[in-house]
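Report on the structure given below.
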Amino acid sequence: MAMDKTFDAKTAEARIYEMWENAGAFKAGANASRDETFCIQLPPPNVTGHLHVGHAFNHTLMDILTRWKRMQGYDTLWQPGLDHAGIATQLMVEKELAETQQPKRTEMGREKFLEKVWEWKAAKGGMIEQQARRLGDSMDWSRSAFTMSGAESAPATEKDGNFHDAVLKVFVQMYNDGLIYRGKRLVNWDPHFETAISDLEVENIEVDGHMWHFKYPLAGGETYEYVEKDEDGNVTLRETRDYISIATTRPETMLGDGAVAVHKDDERYAPIVGKLCEIPVGPKEQRRLIPIITDPYPDMNFGSGAVKITGAHDFNDYEVAKRGGIPMYSLMDTKGAMRADGAPYLEEAEVAQRIANGEETFDEAMIAAMNLVPEEYRGLDRFEARKKVVEDITAEGNAVMHDVTRTEKDEDGNKVEVTETVPYVENKKIMQPFGDRSKVVIEPALTDQWFVDTSKIVGPALEAVKTGRTKIMPESGEKVFYHWLENIEPWCISRQLWWGHQIPVWYGLDLGVEDEHNPSGDLDEVEILGLLLEGIVHRGNVMHCAPDFESVKSAFVFDNADTPSPISHAKVVEVADKAEAIERFSAGLAAYNVTQDPTKLEFPVWRDPDVLDTWFSSGLWPFGTLGWPEDTPELAKYFPGDVLITGQDILFFWVARMMMMSQAVLKDDPFHTVYLHQLVRDAKGEKMSKTRGNVIDPLDMIDEYGADALRFSNAQMAALGGVLKISEDRIKGYRNFGTKLWNAFGLAVHPDYQVPYPGDATLPKPNTTLNKWIIGETAKVREEVDAALTAYRFNDAANALYAFTWGKVCDWYLEFSKPLLKGDDEAVKLETQQTLRWVLDQCLILLHPIMPFITEELWGLADNRAKMLVHADWPAYTAAELIDADADREMNWVIDLIDNTRSARAQSHVPAGAKVPLVVMGLDDKGQSAWDNNHVLIQRLARIESLTAVDAFPKGCVTIPMDGGTFGLPLADLIDVPEEIARLEKTLQKLAKELGGLRGRLNNPKFVASAPDEVVAEAKENLALREGEEAQIKAAIARLKEIG
RNA sequence: GGGUGAUUAGCUCAGUUGGUAGAGCGCUUCCUUUACACGGAAGAUGUCGGGAGUUCGAGCCUCUCAUCACCCA
């Protein structure tokens, strides 16, 4: 077998991956030799997604665990799949439609648009699955799941799957259990995508903003004494005011104010609480007056202490408005422009005034329909409206003014001070919410949405972590988890999108014909006309939830059984929306009216147009991927899974939701361990971003250095809870490590050594110290790796293997074995060949989970293998079995002697290539035997010509202190005496420091009394060794000084 | 404002019940020695952010200050 100079990752990786995949090496249960299962659910990437460094990182960890367990014979499944990613995908397709001059989404309609999305998915979706293969991911691709599989809109060409069934089933179940409800609430509204988004999809960013100060005049020109006091109660300002001063960062929302709130303890405003003030904007003839109320929310020390309350446009105000029964007027449309619908402002304002005066009652629906935007602002974008509101108020003199003095140069160039009275506008940093995808300012909006009553299902998830059933790593994640779940908000699950699982709820017209008003149960002509005239439009809807239209029909039929005949017999039909329903219903009634034929009557129902939040479906991932709600063997076998590995940023987005949903649906935890990692950053620790230009593409790294190098780097930086900084230098370093391993095999196949490689190596029983020693070292590292991986300490596993492979096997074992392999002792030669082969095989096996490609390639170099490396048996030998303590001690002594000799040589400027004689003084039996056993190796690696035992060192001898004897290099006149003295004294200084510490401790009676025995014993032993060394060096210095 | 984490060699980071500091990269010197220059050999570098405390002993535990990062208001 001949080898190339280096591993050619570029061509080999694709070839090897294909080999694995074709052999079905990653299929669920492949290589299983025991019943225990090991299952990891891949956090499903967006169908639009590409492999970035974060994926590359956590995929590496998942793959390491999966490959490791598979080699151990577990029944293993790494479940892949894709998330349909509502907003991201819809956006992507809309963008493409625009670029290719196709009709817009709204122009082509829902059905056609969904076709386009599926087409896009088939053509361009799921790129990441190909990219993941390049990383070496050992997922069972045949099981790849999709969170929209089985949807009504899915074309026949799509792969089978029933995720949609799972989603609808869970929705219906939770709806029936009262865990899901519909309601009008303030939600984060994205004016770009025109949909509600979750608060987790909002980024709060500090931006430069303004705080305007306006006067809200008191109704009827009333006045009051406005008094300000300092901390000691001294009056600092007293004036008569006919207004209340309001500070706001969002003047355009003034139009929707329902009240002004002050703190109940705020003495400044006590005289005017309960009175009305005027919103100083809009047509003069109908200025709205709103009450001044008290509420705990206003901060007396912030701004003027008075807060305008716009319940429909601010989360804090919303709470105040709810508490105070203040109407919440919506001002904007779905695009964030000022509303242009509804009645003229004057009419609306009049109604609003009657409400404010307490002359008229109101309900939610009525308030929602009202548009309090004056005509001159209607249709304006919210930011334009803001500008205009500020201008208008300022022009009318209702802005709070202050004096600003600045220095200017007059015509002659002299500096003069100019004082102006200008509106008081503070420039300040404000936190503004932005959509994490759209990047536009999020508008709190009062809309009808569906919610999961999370507080009702959070219990078991919390308990899972509290009782330790589910462990979050690192532990700090648990605190964060508790904090969030204990303060959980209702989860808004509806999205105003088309791409997603459409909510399985149908609405029908509320006929509401009550029995007492119609005791006969018959609907006569007058009543039919009444239904029409009364305007079904203004009546509410009835709704039912079921997985599909057929199942929901019966619910409506049942409802209508109470209605008078012949309506009770009306056929339930599905229509697009309420408008069409009214039309169809009216038409049916009219036809019945003419023909008296009850079959003409139809009861039209329409489906909720909204879709479910993507995270609702991904919350079902742990069991939806396994075939639930079908009762599949995979579900029985692989649920619950074992460990979830994901970025800590989606602990709430996803992890908590999977835990809640699994418990809500299957009454079980989805996994026992959650491994959270931080964001992967660049080498400087900065977030990667396109604008910064510091994005590292993992595929570039794979192209350049190979997947194994990237994977090793990922494993190496995976310290629990650590900051992840990806560095190209490091990746390069691990590429070099791969080459080192490659070349280790190069030695075995080298013509000088010709280690035969017939097939799988078996554990040899050698006689030589060297071979015994390396077998023990191998057992040690196997234990280290298993312990590290068991504890999810990937960095420890990687580092242990690096140190073993390079630092032990390559640096020492291979070098030592060379003379034996070329020697004349056939028995030694044979056992060394066997041991070498075995050790190299162990390197491949143990490294395979981290570096699968190069190890599989090297594995294939042997003539005859039982299995591919991907399915090779993971070893179970222990250090206790395989370590030979004598061999261990002896080899460490040998290595020490070589190290010390080399060091002495280098520092004495002995030419690197020169072979020199070695002398020794007072060598004890152990030392002698160690020398005798290993002198060939020592002489070769330390470039020693011969060893001579002497009673006294010759003149000019470099000293090498060792446990069991003092060695020396007789360099005669070559030696620079002062330099050698300096070298020894330096060593002595270091030694003195150590000795000081050791003696200090041992002389302290408290230490000896209170420290554990083994620590004391170790210190004593150490002290003895160091003292011996010190004596040797002191003697050496004395000798040199005599010469000098 | 609340929470979490960080601060260790020039750089990037490890350091698992407290026992006296490590790795990779980089740097300096030497070596084209028969697996490997993507290499080998040797070497230098740290009052472990500051201060205080507990302890025989603190990078590790407690308190405090400083700086930074992230998350949530």
Side-chain angles (χ1 to χ4, degrees), chain A residues 3 5-7 199-200 203-204 299 315-316 431 474 476-480 483-484 487 648-649 651-652 678-679 681-687 705-706 709 712-713 716-753 755 787-788 791 793 795-796 798-799 802-803 806-807 810-811 814-815 818 822 898-899 902-915 940-943 993-994 996-998 1000-1012 1014-1016 1018-1019 1022:
Chain A
M3 286 178 68
K5 206 169 160 57
T6 54
F7 175 59
D199 51 0
L200 294 172
E203 288 174 342
N204 289 298
D299 179 351
F315 285 96
N316 290 314
M431 285 304 261
S476 60
E478 296 189 353
K479 282 186 200 164
V480 184
H483 187 258
W484 191 70
N487 299 288
Q648 61 166 200
D649 49 329
L651 177 63
F652 309 134
Q678 297 203 8
L679 192 75
R681 299 152 182 286
D682 74 1
K684 293 192 194 101
E686 303 211 24
K687 266 190 187 176
Y705 304 107
F712 206 99
S713 158
Q716 194 286 145
M717 70 178 172
L720 270 173
V723 177
L724 303 175
K725 298 183 187 174
I726 190 168
S727 143
E728 191 169 341
D729 276 345
R730 263 209 127 105
I731 298 171
K732 188 172 163 188
Y734 295 119
R735 186 270 321 263
N736 295 353
F737 172 67
T739 306
K740 186 76 183 174
L741 178 69
W742 183 263
N743 283 311
F745 280 79
L747 174 129
V749 303
H750 194 273
D752 282 0
Y753 305 106
V755 177
R793 306 182 72 96
N795 56 323
D796 286 351
N799 287 335
Y802 188 101
W806 199 318
C810 292
D811 285 351
L814 292 185
E815 292 302 331
K818 283 175 184 173
K822 283 210 286 194
I898 294 168
D899 269 344
R902 280 172 169 175
S903 181
R905 284 175 60 120
Q907 289 183 52
S908 313
H909 312 295
V910 178
K915 287 206 166 187
R940 179 188 162 89
L941 293 191
R943 305 216 141 234
K993 213 176 150 191
E994 269 187 85
L998 287 164
R1001 276 197 281 165
L1002 287 164
N1003 291 339
N1004 184 340
K1006 281 186 181 167
F1007 170 72
V1008 182
S1010 46
E1014 68 245 36
V1015 173
V1016 178
E1018 197 188 311
N1022 221 339

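Here is the naming used below: chain letters follow the sequence lines, and residue numbers restart at 1 for every chain.
- Residue contacts shown for A:Lys732 are absent, as no nucleic acid heavy atom lies under 4.0 Å away.
- Taking the six-membered ring for Trp and the full ring otherwise, the centers of A:Tyr802 and A:Tyr734 sit less than 6.0 Å from each other.
- A donor and an acceptor atom never sit less than 3.5 Å apart when one is taken from the side chain of A:Gln907 and the other from the base of B:rA41.
- Distance check on atom P: B:rG15 versus B:rU8 gives 14 Å, rounded to whole Å.
- Among the protein residues, A:Pro1005 comes within range of no part of the nucleic acid, since none of its heavy atoms lies under 4.0 Å from any strand.
- The separation of B:rG5 from B:rG24, taken at their P atoms, amounts to 30 Å, rounded to a whole angstrom.
- No contact: A:Asn1003 has no heavy atom under 4.0 Å from any strand.
- If you check B:rG19, B:rA14, B:rU33 against the side chain of A:Arg943, the one that comes closest is B:rU33.
- Backbone-only contact: A:Asp729 has heavy atoms under 4.0 Å from sugar-phosphate atoms and none from a base.
- Counting distance only, with no hydrogens placed and no angle test, the side-chain atoms of A:Arg1001 and the base atoms of B:rC56 include no donor-acceptor pair under 3.5 Å.
- Phosphate contact (OP1/OP2 of B:rG40, side-chain N/O of A:Trp806, threshold under 4.0 Å): present.
- Taking atom P in both B:rG1 and B:rA21, the straight-line distance is 41 Å, to the nearest Å.
- Looking at heavy-atom distances under 4.0 Å, A:Arg735 makes contact with a base.
- If you check every strand for non-hydrogen atoms under 4.0 Å, A:Glu994 touches nothing.
- Residue-level contact check: A:Ser1010 touches the bases, meaning some heavy atom is under 4.0 Å from a base atom.
- Closest to the side chain of A:Asn743, out of B:rA35, B:rC25, B:rA14, is B:rA35.
- Using a 30° and 60° split on the angle between ring planes, A:Phe712 and A:Phe737 fall in the tilted class, from 30° to 60°.
- Across all strands shown, A:Lys915 has no heavy atoms under 4.0 Å from either base or sugar-phosphate atoms.
- As judged by a 4.0 angstrom heavy-atom cut-off over every strand, A:Glu1014 is placed among residues making no nucleic acid contact.
- Here the nucleotide nearest the side chain of A:Ala906, chosen from B:rA42, B:rG19, B:rG39, is B:rA42.
- Going from the P atom of B:rG59 to that of B:rG49 covers 10 Å, rounded to whole Å.
- Straight-line distance between the P atoms of B:rA6 and B:rA14: roughly 9 Å, to the nearest whole Å.
- Comparing B:rC25, B:rA37, B:rA35 by their nearest atom to the side chain of A:Lys5 picks out B:rA37.
- In this structure, B:rA21 forms no base pair with any nucleotide, since neither Watson-Crick nor G-U wobble geometry is met with both distances under 3.5 Å.
- On the C1' atoms, B:rC61 is 15 Å away from B:rG19, given to the nearest whole Å.
- A:Asn743 contributes atom CG, which lies 13.0 Å from atom CZ of A:Phe7 (distance to the nearest 0.5 angstrom).
- Only one option out of A:Arg730, A:Lys732, A:Glu728 pairs with A:Tyr705 in a side chain to side chain donor-acceptor pair (under 3.5 Å); it is A:Glu728.
- Ranked by how close their nearest RNA chain B nucleotide is to the 5' end, A:Val1008 and A:Phe737 are led by A:Phe737.
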